[in-house]
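Chain A is the first sequence line, chain B the second, and so forth, proteins listed ahead of strands; every chain is numbered from 1. Source: prediction; values computed, not measured.
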There are 2 protein chains.
Amino acid sequence: MRKDRRRGPAQAPAHAPAGTQSRTSGGGPGQALLFAALGDETRLKLIARLARGQPQSIVRLTRGSLLTRQAITKHLRVLKRAGLVRCVRAGRESRFELDPRPFKDMEEYLSLVARAWDEALARLKAFVEE
Amino acid sequence: MRKDRRRGPAQAPAHAPAGTQSRTSGGGPGQALLFAALGDETRLKLIARLARGQPQSIVRLTRGSLLTRQAITKHLRVLKRAGLVRCVRAGRESRFELDPRPFKDMEEYLSLVARAWDEALARLKAFVEE
DNA sequence: TTAATATGCAACCTGGAGGTTGCCTGTCAT
DNA sequence: ATGACAGGCAACCTCCAGGTTGCATATTAA
């Protein structure tokens, strides 16, 4: 019978009312992809490993991982599609290296959320006290 | 035939060699859960909405969302299990409010990764130049 | 007391994420 | 030229994240 569901004004905004979406840096839809890419243990370990500096080949990254080379490959692909990682072929092997920029974006995003919260809290407090 | 797979020293560390794991704040395994919780558009929107301050009830959060109340409920549950959100019952409705702490944790984690990268880069550069 | 509201719970469906295996193609070293 | 090594592709499998519907249960307002 579909009792629940939306009941607000017509639908969702759907046309982005200019300024509502608090997009960090053109991010918005992309942010979820970024966070999702980090939402996996294996991928986090890969990131940690790549953060140590030297660009690493796939087999290298596979070593000590319990998983198959192909599994690691897929994870790397996810990281690449999210832009967290770059890849350059060198002869027969393709080396992956980390791209620090999206990390700063995420940092900024998180900071914005936290700040919004703090401000809202302060606003509320002020409103109550006076 | 299983040609690939691990070949490194026995297995993965498996006993945490004390100091290798760069855990931000006891995080390590939990971090993935946190990021995963933010790795979904719907959840990000919920977070954005909750960051505006007032604790909101489920139906309230459902309004204007295209999705069903139960869907939203599940998302909220995910956010709660990740610790990004708290919930308190008030009469017949249960209000959700954001918990800023894990956000700062993630921020710190990201900052660590970025810093590690920068340092590694600097180290490499110094090594090359001199 | 009764109807409307706000949730909770459970069963069910579906697509895609995470893994694996097998096979094929470039590259490097002999 | 011929293996060994590093990767890419594709088919396939399993499981669970997202969603839905239906029904049951508190709480509130009349």
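The phosphate of C/dT20 has OP1 or OP2 within less than 4.0 Å of a side-chain N or O from A/T68. Residue A/T73 places no side-chain N or O under 4.0 Å from the OP1 or OP2 atom of D/dG7. Distances shown here put a side-chain N or O of A/R43 below 4.0 Å from the OP1 or OP2 atom of C/dG18.
Contact of B/R92 with C/dT5 (side chain to base): a donor-acceptor pair of N or O atoms is detected under 3.5 Å. At a cut-off of 3.5 angstrom, counting only N and O atoms as typed in the model, there is a donor on one side and an acceptor on the other between the side-chain of B/Q70 and the base of D/dG22.
Counted within 6.0 Å of CZ on A/R86, heavy atoms from surrounding residues, nucleotides or ligands total more than 12; the atom is thus considered enclosed. Taking a 6.0 Å sphere around CZ of B/R49, one finds it holds more than 12 heavy atoms contributed by other residues, nucleotides or ligands.
Between B/D118 and A/R52 there is no salt bridge, since no side-chain nitrogen of the basic residue lies less than 4.0 Å from a carboxylate oxygen of the acidic one.
Distance A/R77 CZ to D/dG7 P: 12 Å, rounded to the nearest Å. Rounding to whole angstrom units, CD of residue B/E41 and C1' of D/dG19 are separated by 16 Å. When the P atom of D/dG19 is taken as reference, atom CD1 of B/I58 falls 15 Å away, rounded to whole Å. Between the CZ atom of A/R89 and the C1' atom of D/dA6 there is a distance of 7 Å, given to the nearest Å. When the C1' atom of D/dG19 is taken as reference, atom CG of B/L76 falls 15 Å away, rounded to whole Å.
Nearer the 5' end of DNA chain C, as judged by each residue's closest nucleotide, is the contact made by B/R60, out of A/H75 and B/R60.
Checked by atom type and distance alone, the side chain of B/R43 never pairs as donor or acceptor with a backbone atom of B/L46 at under 3.5 Å.
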